[in-house]
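Some notes on the structure that comes next.
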Amino acid sequence: MIGTITNTVCIIAGSIIGSLLHRGIKDKYKTVLYDGLGLASLAIGLNATITNFPKSQYPVLFIVSLAVGGLFGTHFDIDGRFKRAVNKYSQKDDKNLGEGLSLAILLYCIGPLSMLGPIISALKGDNTFLFTNSTLDLVSSTVFASTYGFGMILAAPVLFCWQGMFYLIAMISSQAISEALMAELLIIGGLLITGSGLSLLHLKDCKTLNLLPALLVPIIWFLIKLVLKF
């Protein structure tokens, strides 16, 4: 777990550094950071989706996943509940913390390095992917915290649990997480990150957290396939 621990510490460190800069940044510079994060999110999200789409064994699964997951998430208002809960306890000048935290969690957790890294670490003892991801997250967490404030440190425990889950599953069964399932998750995750980028640029509020349950649909589908084999 050394790679995941390093990744988590880097996010904490970046959040602390960024929060120290937060108060001294003028609004016009914060606007530039918002726009930069939005454009970066679009690029990262679209790259993840386009790169993995040819690997998909079920080209319509991501559509079904977004539809089913979106209906479920909207019914329970996951996006609204999350943002209201976060903003309730954030400071007045950190009123957009919920928006930033949801975007940061998606960027930190949904990506090839963050998802494949703990699996490779568990199976081969190679932490190269996670150390690389740690460096990227150190920089991005500094930018996030300088824009949204110290509350962005809350993304660190989420990342630890997320990567820890992949690590433990890989340790228990190396066959549990197939390349096909990873491809489907990255396609959907990429679209969620893209949606967050559109929201950050004020082009369209996609309420991406309402779409988060879409990530469960491929997992359920592959579990059903696995059960039917037996």
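Only heavy atoms go into these numbers, but all of them, side chains included; no hydrogens, no water, no symmetry mates.
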*Would you kindly confirm whether L198 and I78 end up in one hydrophobic cluster when ILVMFWY residues are joined by side chain heavy atoms under 4.5 Å apart?*
no
*asked:* Which residues pass the side-chain contact (heavy atoms from CB on, under 4.5 Å) test with I17, not counting sequence neighbours?
replied: T142
*Gap between atom CG of L185 and atom SG of C109 - 0.5 Å precision*: 12.5 Å
*Note, V217 side chain near I188 side chain (heavy atom, < 4.5 Å)*: no
*Tell me, do V68 and V64 make a side-chain contact under 4.5 Å, heavy atoms counted?*
yes
_Holding to side-chain contact (heavy atoms from CB on, under 4.5 Å), I want the full list of residues that pass it with L71, two or more places apart in sequence or in another chain._
none
*Report yes if the side chains of L212 and T208 come closer than 4.5 Å at any heavy-atom pair, otherwise no.*
no
*Minimum-distance pair of heavy atoms, taken over all atoms of S196 and L106*: OG-CD1, 3.2 Å
*Taking side chain as C-beta onward, heavy atoms only, is Y108 less than 4.5 Å from S140?*
yes
*Partners of D77 by side chain to side chain donor-acceptor pair (under 3.5 Å), sequence neighbours excluded?*
R84
*How many angstroms lie between CD1 in I105 and CE in M152, if you round to the nearest 0.5 Å?*
7.5 Å
*Kindly write out the residues that satisfy ring pair (Phe, Tyr, Trp, His ring centres under 6.0 Å) with F72, not counting sequence neighbours, or none if the list is empty.*
F76
*Look at the side-chain heavy atoms of Ile, Leu, Val, Met, Phe, Trp and Tyr, link any pair under 4.5 Å apart, and say whether V143 and V32 land in one connected group.*
no
*Taking the side chain as every heavy atom from C-beta outward, state whether S114 and L159 have any pair of such atoms under 4.5 Å apart.*
yes
*Closest approach of S199 to K207 (non-hydrogen atoms, all atoms of both residues)*: OG-N, 4.4 Å
*With sequence neighbours left out, what residues match T135 under side chain to side chain donor-acceptor pair (under 3.5 Å)?*
none
_Heavy-atom pair with the smallest gap, counting every atom of A214 and S65_ = CB-O, 3.2 Å
*Can you check whether A48's main-chain N or O pairs, donor with acceptor, with N52's side chain at less than 3.5 Å?*
yes
*At their closest point, which heavy atom of S141 faces which heavy atom of S15, and how far apart are they?*
OG-N, 3.9 Å
*Does G149 offer a backbone N or O that forms a donor-acceptor pair with the side chain of S19 under 3.5 Å?*
no
*Connected via hydrophobic side-chain network under 4.5 Å: L201 and I44*: no
*Residues, nucleotides or ligands: over 12 heavy atoms within 6.0 Å of F160 CZ*: no
_Separation of I50 CD1 from L186 CG (nearest 0.5 Å)_ = 13.5 Å
*Examine V139 and L103 and state if one hydrophobic cluster contains both, with Ile, Leu, Val, Met, Phe, Trp and Tyr joined whenever side-chain heavy atoms are less than 4.5 Å apart.*
no
*asked:* Rounded to the nearest 0.5 Å, what separates atom CD1 in I120 from atom CZ in F129?
replied: 4.0 Å
*Atom pair CD1/OG1 of I187 and T51 - distance to nearest 0.5 Å*: 10.0 Å
*Taking T194 for its side chain and L46 for its backbone only, find out whether a donor-acceptor pair lies under 3.5 Å.*
yes
*Kindly write out the residues that satisfy side-chain contact (heavy atoms from CB on, under 4.5 Å) with S121, not counting sequence neighbours, or none if the list is empty.*
N127, L130, Y167
*asked:* Which residue is it: T6, T8, N7? I am looking for the one with a side-chain contact (heavy atoms from CB on, under 4.5 Å) to T4.
replied: T8
*Are V158 and I11 in one and the same hydrophobic cluster, where Ile, Leu, Val, Met, Phe, Trp and Tyr link if side-chain heavy atoms are under 4.5 Å apart?*
yes
*Starting at CD of E184, measure out to CD of Q57 and round the result to the nearest 0.5 Å.*
7.5 Å
*Do you know the tightest heavy-atom contact between L101 and G151?*
CD1-O, 4.0 Å
*For N210 and D79, which heavy atoms make the closest approach, and how far apart are they?*
OD1-N, 2.8 Å
*Take L211 and L191 through the side chain to side chain contact (heavy atoms under 4.5 Å, CB included) test and state the conclusion after the steps.*
CA-CA 10 Å; L211 294 169; L191 290 174; over 6 Å; no
